[in-house]
Amino acid sequence: MLEERKEKNEQLKIEDLEKVEKNKELQNYVNRELESISKKLKMIPNIGLKYMEYISALIYAIYEDKKYIKNILSKNMEYIDIKYIINGIEDKLNEIRKKEKSRKLFIDIRFDEIINEGDNKRLKETIIEIYKLITEIEALEKNTKSILAEAFEYIIMKSASNGEISLKKGEFYTPKGLVKTMVKLLDIKPNMSIYNPACGTGNFIIESAKYCKEIYAFGEDENISNYNICITNLWIHDIYDKRIKENNEEKIQLVDRAIANPPYVDDNEKIIDNGYYKIPAKSNYIKYLKEMIETLVIDGKMAIALPQGFLFKKTNLEYSIRTELIEKNYIDAIISLPEKLFYNTKIPVIILVINKRKTRNEILFIDASKEYTKKRKTNILTIENQNKIVSTYQNFKKIDNYCNIVKLEEIKKNNYDLNIKTYVKIQNKIEKIDEEEIQKKINYLEQKRYKIDSQIREIIEDM
C-alpha cells in the first residue's frame, strides 16, 4: 500500500513538472509571436516607434470584441475593406474609454491617418494575427489573459531595452529586479491603497498586485504614450480597482503606500505649483518626493528611487529637504544600488525608504552597490540580490562591510550629509597567508631543483 502511494506521488510530481514545462513552452511561443506582430506594426511608416501604443489598443479592443473579428474572418478577407475593420475597432475603443472613465485613453491612436494602399494588407494581417494568437491560447490554456499579460510585459521590456519606449528627458524604464525589490520593501497587505505618481507602463502597480492581490491602485503619467500602454497593462493583469489620474487638477486621496522611479531632471525653468508646494521644475525628482510624502496617510510608507547626488548635494533645495526629512524622523533606510541597472544610462541610484510613523531615532544605511549579476550591457538584481537587500532591511541589524545603523544625532553633526560612504566603511578583504603551506611548497621546489642540478652535472661529466 505504501509503495503504491509512493509511486502515485512520484507520478504526480512528473505530471506537474511536465505541465510546468508545457506552460513554459507555450509562454515562450506566445512571447515570440507577439514580438513578431509588434515588429510588423513597427514596419508601417506612419506607426513606426509608436507601435507599442498601437499594439496596446489592438490587443485591448480585439480581446474585448472577439466576436466582431470572428464574424469578419467568416467572410472573404480579400474583399473586405480595411476601413470596415478599423471602424469596428474604433467603436470598441470608444466603449473602452467609457469603461475606463478616461477621456484621453488612445486619443492619439488614429487608424485613419495610417491607412494607405501600401500598408492596408500589413495592418489587416496584424489584426488577424492578434485575434488568432488570442484564440490559440484560449484553446490550449484556461488562463488566456495571464499568458497574454506575461507576453505583453515581455514586449514592453524588449522595446525599452531597444530604446523604443517613449521617454522624456530624465525618465528611465525601471528594470524588473528594482521594481520587485522596492515592492518587497513596503510590506504591502490586502486592501491597501498604492500610489505611483510616475507610473510609466504600470510596472510598480502590477508587481504590487502580484505581491498582494487585493489592492487599490492610484497613479498618473503625463506622457500619453506611457498612459496608453499602462492602462492596457493594468487591464490585461486584471487590476480593476484603479484610478490613473488624467490631469494635475485632479486630487489623489491619501494612500497607505507610495512607490516610484520618477524622472530625475526637467529642463523646464518654470515654477510648478500643484497645490502642495511651489518648486523649480528643474529639480523634478524633489517634486515627486514631496508629493509622495504629502499623499501618505499618517502611518504610511514609501519607496522612491533617486539619483545618488540627493544624499550629499549642497544646493539649497536638496539640503533643505534632507534637513526636513531628518528632523521629522521620516527616513527609515537608504540603500545604494549598482550602476548600469537601467537601459541606456549608467547612472547609479539609491532607494529611499520613508516611514511616517517611525519610532527609532536612527537610519539604516545599506551599501548594495556590489549586489548584481552582469548581463550584456546592464547589471541585474537577481532574486538572491533582492532577498539580501530586503531581509537586511527587515532584520535592521548592522553587518560589517555591508550595512550600518546610524543615530540621527551623528547625521546632524555631519551637517545632514547622507552619503552612504560616510557611514558604511567597506574594507578590502586581505587573504590570510598560510605560511606553513608556502614553506612546504618552497621545500618541494628546492628538492626538485637539487635533483635537476644533479642530473645536469651527471650529463656534463659523461660528456
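Quick caveat, the model's predicted, so the values are computed rather than measured.
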Glu339 bridged to Lys346 by N-O distance under 4.0 Å: no
Ring centre gap for Phe111 and Tyr54 strictly below 6.0 Å: yes
Residues Lys356, Asp299; criterion salt bridge (Lys or Arg N to Asp or Glu O under 4.0 Å); working and verdict: CA-CA 5 Å; Lys356 280 183 93 169; Asp299 59 346; over 6 Å; no
Check: Trp235 ring centroid to Tyr240 ring centroid under 6.0 Å: no
Parallel, tilted or perpendicular: rings of Tyr173 and Tyr343 (30°, 60°): parallel
Cation-pi geometry met for Lys104 and Tyr227 (6.0 Å, 45°): yes
Over 12 non-hydrogen atoms of neighbours within 6.0 angstrom of NZ in Lys407: no
Nearest-0.5 Å distance that lies between atom CD in Gln308 and atom CG in Leu337: 8.5 Å
Geometric cation-pi criterion, Arg360 with Phe396: 6.0 Å, 45°: yes
Tyr393 side chain reached by Ile351 side chain, heavy atoms, under 4.5 Å: no
Salt bridge flag under 4.0 Å for residues Asp187 and Lys189: yes
Ring-face cation of Lys66 near Tyr63 (centre distance under 6.0 Å, axis angle within 45°): yes
Residues Lys328, Glu324: salt bridge by 4.0 Å N-O rule: yes
Salt bridge Glu164-Lys158, side-chain N to carboxylate O under 4.0 Å: no
Result of checking Asn223, Asp108, Asn233 against Asn228 for side chain to side chain donor-acceptor pair (under 3.5 Å): Asp108
Salt-bridge contact Lys176-Glu207 (side-chain N to carboxylate O under 4.0 Å): no
Test log, rule salt bridge (Lys or Arg N to Asp or Glu O under 4.0 Å), inputs Arg32 and Glu35: CA-CA 5 Å; Arg32 287 194 303 271; Glu35 187 181 6; over 6 Å; no
Residues in side chain to side chain donor-acceptor pair (under 3.5 Å) contact with Glu90, at least two apart in sequence or another chain: none
Asn395 (side chain) donor-acceptor with Ser391 (main chain) under 3.5 angstrom: yes
Ion pair check, Lys92 and Glu95, cut-off under 4.0 Å: yes
Rounded distance (nearest 0.5 Å) linking atom NZ of Lys340 with atom OG1 of Thr378: 9.5 Å
Anything under 3.5 Å between a donor and an acceptor, one on a side chain of residues 210-218, the other on a protein residue two or more places apart or in another chain? List them.
{"residue": "Lys210", "atom": "NZ", "partner": "Glu153", "partner atom": "OE2", "Å": "3.0"}

Phe365: ring-ring contact (aromatic ring centres under 6.0 Å, His included) partners, not counting sequence neighbours: Tyr423
Lys242 side chain near Glu100 side chain, heavy-atom distance below 4.5 Å: yes
Under 3.5 Å donor-acceptor, Arg97 side chain and Leu105 backbone: yes
Salt bridge Glu371-Lys388, side-chain N to carboxylate O under 4.0 Å: yes
